[in-house]
Amino acid sequence: MIRTRFAPSPTGYLHIGGVRTALFCWLFARRHGGQFILRIDDTDQQRNVQEALAPILSGLKWLGIDWDEGPDVGGPKGPYYQSKRAGFYTAAVEELLKRGFAYRDYATTEEIQDEREAAVAEKRDYVYSRRWMAETPEQQAAFEAEGRQAVVRLKMPREGQLVLDDLIRGRVEFDWAREQDHVIQRADGSCLYHLANVVDDRAMEISHVIRAEEHLSNTPRQVFIGQSLGYEMPQYAHLPFVAEPGSKTKLSKRKLTKYLKNRDFAALVEHGQRIADAIGLETSPEEFNPVIVDFYRQIGFLPEAIVNYLALLGWSLDDRTEHFQVSELIEHFSLDRVTKAAASFDPKKLEAFQDRHMQALPLARKSAMAIPFLQRAGLIAAPAGADVEARVEAVLTAAGDRIKVAGDVLDFAEFFTPDDELVYDENAVEKRLRKPPEAVELLTKLRARLADADTFTPESLEGLMHAFIEQEQIQVGQIIHALRVAVTGKGVGLGMFETLAILGREHVLTRIDRALALV
RNA sequence: GGCCCCAUCGUCUAGCGGUCCAGGACACCGGCCUUUCACGCCGGUAACACGGGUUCGAGUCCCGUUGGGGUCACCA
């Protein structure tokens with residue numbers, strides 16, 4: 001049975017790099033009919049674990065990354081919170097001690113520090129002298145008589161090599177002698193990350209440890225712990241980093257503000273901010289950020305677009321296939337087609353994927369996504385009536401490609417605003433209504449025609465317009481811009497005839513009257 | 001600094017010794033379409049880091065150099 005796991009620590013938000021790792025773990029498990037486990041890395045005992053975890057769980061769920069065991073769902077290998085598994089770790093430490101692969105160490109941090117500095121000064125590799133190592137009760141008693149306290153350290157081999165067969169990197173070799181006698185348990189009895197990790201992976205029967213490359217250097221000590229405990233070890237696969245835009249540096253959750261200075265990021269944030277403002281969404285500059293998954297959910301991105309983009313960040317099927325449904329990703333995903341080099345995150349390309357998925361979305365789903373935005377902006381009532389839904393669908397259809405994310409529907413607020421509340425863009429009014437000398441006259445004449453029109457469909461309106469410009473001996477541009485500003489208040493918008501048809505005759509006439517009064 | 005990893009267009013990538021004067025996508029730059037915007041269409045600029053090998057033949061294998069990244073905690 002293939003079992004993979006994702007082990008986030010509760011940081012309060014789901015980071016793009018983290019999701020990519022989770023996604024690869026999940027895809028691999030799903031591809032092979034295995035299981036995906038979520039384990040919470042909260043060994044540093046923060047107080048608000050649940051609060052800090054909620055955005056992570058909801059983010060994964062939103063993306064469709066579900067877990068077979070973990071928080072909310074439980075499972076046979078629980079608990080799935082490391083803070084609740086201390087007993088397993090201390091038992092492992094005892095076992096390591098018993099087998100002679102670990103020892104109690106009574107050195108103070110200052111003493112260790114001195115040894116390290118001495119090594120640096122002499123330009124040699126630092127290796128702990130084990131001067132304060134106590135392997136017998138007598139030695140322990142002697143150190144304790146001095147008032148010293150013990151931590152437990154790994155008794156690492158001082159010769160030989162570890163040969164690791166990484167599923168992505170291939171064969172990687174490490175000299176044991178360069179490894180330190182890492183601490184695995186503090187004086188207060190609490191255990192450290194690496195020990196906990198290995199113990200849990202074994203207890204949860206993880207078959208494949210798929211994680212970011214930063215853990216590659218940590219692998220030897222983990223293998224040592226596992227082997228010393230007699231564990232059967234999992235296979236390792238170290239993923240390349242998701243890097244900063246235009247760089248190879250790891251995307252970090254501590255540099256959110258810095259990324260906002262990136263041009264493409266700034267443009268995306270600006271786009272998001274426009275939507276957030278329209279729906280009265282409070283945004284903190286730190287967290288309303290394209291590095292955080294929730295940003296995308298809030299402004300109406302499609303989870304499948306993000307999954308598609310992220311999957312291609314370090315993995316590819318061939319030289320041309322890019323557009324994937326999640327089911328296709330599951331069908332084709334494999335570790336041996338994962339790249340080794342870091343891939344930098346490109347917001348522009350993510351947007352391109354979003355665009356493609358959005359355009360492929362059935363109208364009903366698009367509408368279901370758009371309606372909540374209109375409601376939050378106060379443009380339509382909370383349970384939307386059938387007539388309102390029909391109007392939303394009409395607007396979405398007419399808008400077509402112009403809707404990049406669901407929140408973009410708010411760019412077309414004029415279709416949901418009462419006529420007397422329509423806001424006229426001053427620049428547009430000046431340019432299209434006041435400045436052209438013939439605008440008022442033409443608009444007045446056209447208004448009369450519209451009032452008399454038999455039907456009010458895009459087709460009939462287009463016919464009406466053609467007849468009008470022919471009779472007036474004008475170019476269509478001479479009237480259509482004025483008309484647009486008159487009925488929408490803006491210089492840009494949807495196709496003119498669709499716009500008129502959706503608004504309907506009454507609103508069109510009322511708005512033209514309002515506009516004429518403005519001039 | 002030690003150790004480890006990595007290296008094809010600006011970016012994501014294809015390429016697993018010859019079919020590559022290197023293919024696709026995003027971005028960018030032109031042009032077309034056009035009632036605005038968006039889309040669409042057509043075209044274009046643009047890469048095998050460098051140096052040695054191996055081989056009849058190297059983007060593809062080996063070594064080195066350079067560059068980039070990661071890691072060296074009683075953090076996770």
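As the structure is a computational prediction, the values presented were derived from the model and not from experiment. Numbers restart at 1 for each chain; the letters A, B, ... are given by sequence-line order, proteins then strands.
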Colleague: Just checking, is any N or O donor in the side chain of Asn197(A) or Arg5(A) under 3.5 Å from an acceptor N or O on the other one?
Modeller: yes

Colleague: Between P on C74(B) and CG on Leu154(A), what's the gap in Å once rounded to a whole number?
Modeller: 12 Å

Colleague: Just to be sure I understand the rule, does Leu494(A) reach a base, reach only the sugar-phosphate, or reach nothing, if contact means heavy atoms closer than 4.0 Å?
Modeller: base

Colleague: Please work out which of the three classes, parallel, tilted or perpendicular, describes the rings of Phe265(A) and Phe345(A), given edges at 30° and 60°.
Modeller: perpendicular

Colleague: With a 4.0 Å cut-off on heavy atoms, is Asp264(A) in touch with a base, just the backbone sugar-phosphate, or nothing at all?
Modeller: nothing

Colleague: What contact category does Arg211(A) fall into here, base, sugar-phosphate, or nothing, at under 4.0 angstrom with non-hydrogen atoms?
Modeller: nothing

Colleague: So, Arg186(A) and Ser190(A): side-chain donor and acceptor under 3.5 Å apart, yes or no?
Modeller: yes

Colleague: What contact category does Arg124(A) fall into here, base, sugar-phosphate, or nothing, at under 4.0 angstrom with non-hydrogen atoms?
Modeller: nothing

Colleague: Short of 4.0 Å, heavy atom to strand atom, which residues of residues 394-411 of chain A count as contacting RNA chain B?
Modeller: Asp401(A), Arg402(A), Lys404(A)

Colleague: Answer with base, sugar-phosphate or nothing: what part of the nucleic acid does Phe497(A) contact at a heavy-atom distance below 4.0 Å?
Modeller: base

Colleague: Measure the acute angle between the ring planes of Tyr236(A) and His238(A), then classify it against the limits of 30° and 60° as parallel, tilted or perpendicular.
Modeller: parallel

Colleague: Quick one: on RNA chain B, does Arg20(A) or Val151(A) contact a more 5' nucleotide (nearest heavy atom)?
Modeller: Arg20(A)

Colleague: Look through every strand shown and name the nucleotide pairing with A7(B) as Watson-Crick or G-U wobble, where both distances are under 3.5 Å.
Modeller: U66(B)

Colleague: Identify, residue by residue, the members of residues 180-197 of chain A with a heavy atom below 4.0 Å from RNA chain B, and return them in order of residue number, or none.
Modeller: Val183(A), Arg186(A), Leu192(A), Tyr193(A), His194(A)

Colleague: Are Thr11(A) and Ser9(A) linked by a side-chain donor-acceptor pair shorter than 3.5 Å?
Modeller: no

Colleague: Is Gly477(A) touching bases, backbone alone, or none of the nucleic acid, heavy atoms closer than 4.0 Å?
Modeller: nothing

Colleague: Rounded to the nearest angstrom, tell me the gap between atom CG in Asp355(A) and atom C1' in G40(B).
Modeller: 12 Å

Colleague: Distance check needed: A25(B) P versus Asn308(A) CG, whole Å only.
Modeller: 15 Å

Colleague: Taking only N and O in the side chain of Thr249(A), is any of them less than 4.0 Å away from OP1 or OP2 of G69(B)?
Modeller: yes

Colleague: Can you tabulate the close N/O pairs, meaning under 3.5 Å, that link protein atoms to atoms of nucleotides 46-51 of chain B?
Modeller:
none

Colleague: Would you say the rings of Phe324(A) and Trp315(A) are close, in the sense that their centroids are separated by under 6.0 Å?
Modeller: yes

Colleague: Any N/O pairs under 3.5 Å between the protein and nucleotides 3-6 of chain B? List them or say none.
Modeller:
from	atom 1	to	atom 2	distance (Å)
C5(B)	O2'	Arg169(A)	NH1	2.6
C5(B)	O2'	Glu213(A)	OE2	3.1

Colleague: Please enumerate all residues that pass side chain to side chain contact (heavy atoms under 4.5 Å, CB included) together with Glu179(A), with sequence neighbours excluded.
Modeller: Met156(A), Trp176(A), His182(A), Pro220(A), Arg221(A)

Colleague: Using a heavy-atom distance cut-off of less than 4.0 Å, which residues of residues 312-325 of chain A contact RNA chain B?
Modeller: Leu312(A), Leu313(A), Gly314(A), Ser316(A), Asp318(A), Asp319(A), Arg320(A), Glu322(A)

Colleague: Got a donor-acceptor pair under 3.5 Å from the side chain of Lys248(A) to the base of A7(B)?
Modeller: no

Colleague: From CD of Glu179(A) over to P of A73(B), roughly how many Å is that when rounded to an integer?
Modeller: 11 Å

